[in-house]
Amino acid sequence: MADHPVDEKLPPLKMATTGLQHVAAMYAGVVAPPLIVGAAIGLTGTELTFLTGACLFTAGLATLLQTLGVWRIGARLPFVNGVTFAGVAPMTAIVVSTDDRNDALPVIFGAVIVAGLLGFLAAPFFSKAVRFFPPVVTGTVITLIGVSLLPVAFGWAQGPSPTADDYGSATNLGLAAATLVVVLLLRRFTRGFVKQIAVLLGLVAGTLLAIPFGVTDFSPVAGADVVGFPTPFHFGAPQFQLAAIVSLCVVMVVSMTESTADMLALGEIVGRPADERTIAAGLRADTLGSALSPLFNGFMCSAFAQNIGLVAMTRIRSRYVVATGGGFLVLMGLCPMAASLIAVVPRPVLGGAGVVLFGSVAASGIQTLVRAGLEKDNNVLIVAVSLAVGIIPVSAPEFYHSAPETARIILDSGISTGCVVAVLLNFVFNHLGDGSREAADVTHPMEAGGELTGVKAPATP
């Protein structure tokens with residue numbers, strides 16, 4: 001009996017090239033979170049290179065765990081794992097609220113470890129609670145993720161630092177605009193693999209264009225080693241602060257919800273529908289990968305939805321192809337010189353690409369909301385109030401200035417507060433009393449097994 005296409009092992013050359021294509025599709029999405037958080041902390045170029053390499057390394061390990069599986073851990077589907085965008089805004093809020101920036105990463109790592117372990121324990125039961133996270137909730141949260149990250153892109157477009165003389169200069173804004181145009185042109189007029197890596201090509205083009213203006217700095221590459229290993233707890237032993245843990249536990253719930261949706265969608269695409277056992281195993285891989293990631297200085301890991309689109313487009317369904325891509329990520333994490341390449345990219349160039357990256361996250365959320373049954377007044381109200389509460393930290397950053405510092409870690413994250421409000425309002429309006437009957441009229445895509453778009457889609461809009 002022939003192997004299912006998911007278990008097919010392709011010839012080595014095809015396995016390698018298709019695996020690299022998965023890496024290309026997700027690379028920008030993996031390196032963006034450490035860039036954002038590292039910039040907020042004020043890491044040096046060398047430290048930023050180390051953090052980026054660590055995230056590539058841990059993303060590769062998580063992908064191998066997810067695709068190959070161990071015991072009841074891993075969905076054993078062509079499922080790519082990487083650093084989740086959902087954690088960026090809460091982690092940045094943790095950085096801002098930490099008195100000593102040197103403690104920011106240890107506090108983040110401690111919170112990720114706890115959230116990952118709790119998620120691992122909850123994985124078998126989580127699929128039964130997914131009904132409390134219908135499209136009206138997940139769509140709102142995904143939209144908030146994109147909206148919360150867009151100011152980061154706008155800040156990058158102006159320059160590396162608000163105190164710099166050329167911050168917001170015509171040169172910086174021009175480089176950002178040129179990068180954006182290159183990405184859009186590539187997406188519009190190319191096909192296949194080139195179209196898939198349009199963001200990466202845009203970053204390369206923008207970096208080359210910046211050389212004559214003296215904006216590109218190649219010193220991170222010159223000072224990077226060819227071979228290196230992400231030393232465990234390089235930035236210090238993890239610290240455990242309650243507010244940070246609560247904030248990232250909320251992110252873990254959002255991440256697990258999206259991973260569940262992605263597994264259901266991927267199962268339909270590859271012809272091996274994801275049952276409750278598969279979902280539980282996949283969530284165990286997500287959460288265990290997240291819990292172990294801080295050991296090697298990485299962040300929370302979750303599914304990357306753009307790679308699901310790549311599977312659908314290429315119709316190559318082998319999980320071993322994605323496992324090969326995970327192997328490449330591990331090798332890149334062990335090569336600081338490769339990781340340092342992203343540190344060469346000028347901030348204005350990153351800003352231009354970031355408009356596409358982060359804007360596409362918001363667009364992904366809107367796509368989910370389209371399926372959320374917004375013709376129902378209850379759902380419109382849930383979205384309206386949740387978005388309003390979630391946008392407060394973006395539109396009025398000092399709104400919670402009188403709140404205790406520990407509470408601000410959660411309140412200053414629009415994603416966390418928006419998610420909590422959306423879940424509570426959905427429960428009140430759609431699960432209590434008459435609201436439950438009204439909600440039953442709206443088909444849940446997770447139950448229908450329809451195509452879903454996840455949070456991690458920005459790398460290739």
Side-chain angles (χ1 to χ4, degrees), residues 1-31 56-83 190-201 259 262-275 277-279 281-282 284-286 289 301-335 338 449 451-454 456-457 459-460:
M1 183 176 178
D3 288 338
H4 190 282
V6 168
D7 299 316
E8 182 183 3
K9 295 181 180 179
L10 305 181
L13 180 59
K14 189 171 185 180
M15 192 93 77
T17 54
T18 51
L20 279 172
Q21 185 168 245
H22 276 282
V23 172
M26 71 180 293
Y27 184 84
V30 173
V31 301
L56 289 169
F57 179 75
T58 54
L61 292 180
T63 298
L64 289 171
L65 185 62
Q66 188 69 265
T67 52
L68 301 180
V70 177
W71 184 58
R72 296 181 181 178
I73 302 171
R76 292 173 174 82
L77 292 171
F79 205 45
V80 174
N81 276 46
V83 182
T190 62
R191 288 183 163 189
F193 184 60
V194 174
K195 184 176 183 178
Q196 202 69 33
I197 61 171
V199 172
L200 285 179
L201 294 178
S259 287
D262 289 342
M263 274 184 273
L264 288 167
L266 182 60
E268 294 296 321
I269 290 171
V270 301
R272 180 181 281 179
D275 55 19
R277 183 174 181 176
T278 300
I279 292 172
R284 287 192 189 99
D286 267 9
C301 295
S302 188
F304 266 46
Q306 68 268 23
N307 292 81
I308 295 176
L310 189 58
V311 171
M313 182 185 72
T314 62
R315 301 194 64 80
I316 297 175
R317 295 176 280 178
S318 171
R319 61 190 173 104
Y320 294 105
V321 165
V322 175
T324 301
F328 281 126
L329 287 171
V330 170
L331 292 177
M332 292 172 70
L334 295 175
C335 178
E451 183 178 354
L452 299 166
T453 304
K456 287 69 62 181
T460 52

Side-chain heavy atoms of Leu266 within contact of Pro78, under 4.5 Å: yes
Shortest non-hydrogen contact from Thr67 toward Ala323: OG1-CB, 3.4 Å
State, with a plain yes or no, whether a side-chain heavy atom of Leu334 is found less than 4.5 Å away from one of Phe57. yes
With the side chain counted from C-beta on, respond yes when Leu65 and Asn81 share a heavy-atom pair under 4.5 Å apart, and no when they do not. no
Under 4.5 Å between any side-chain heavy atoms of Cys301 and Asp286, yes or no? no
Exercise: identify the closest heavy-atom pair between Ala303 and Phe79: CB-CZ, 3.2 Å
Any side-chain heavy atom of Arg317 sitting closer than 4.5 Å to one from Glu8? no
Backbone N or O of Ala75 within a donor-acceptor pair of the Gln66 side chain at under 3.5 Å? yes
Minimal heavy-atom distance between Ser259 and Ser302, with the atoms involved, is OG-OG, 2.9 Å
Could you state the interatomic distance from CG (Leu329) to OG1 (Thr58), rounded to the nearest 0.5 Å? 9.5 Å
Ignoring hydrogens, what is the shortest heavy-atom contact between Leu61 and Val330? Give both atom names and the distance. N-CG2, 3.8 Å
For Arg272 and Thr278: C-alpha separation, side-chain torsions, deciding distance, then whether side-chain contact (heavy atoms from CB on, under 4.5 Å) applies. CA-CA 10 Å; Arg272 180 181 281 179; Thr278 300; over 6 Å; no
Donor-acceptor contact present, side-chain His22 to main-chain Thr324, <3.5 Å: no
When rounded to the nearest 0.5 angstrom, what distance separates CG in Leu68 from OG1 in Thr63? 10.0 Å
Looking at every heavy atom in both Met332 and Leu56, which two are closest together, and how far apart are they? CB-CD1, 4.3 Å
If you take all heavy atoms of Arg319 and Asp7, which pair is closest and at what distance? NE-OD1, 2.8 Å
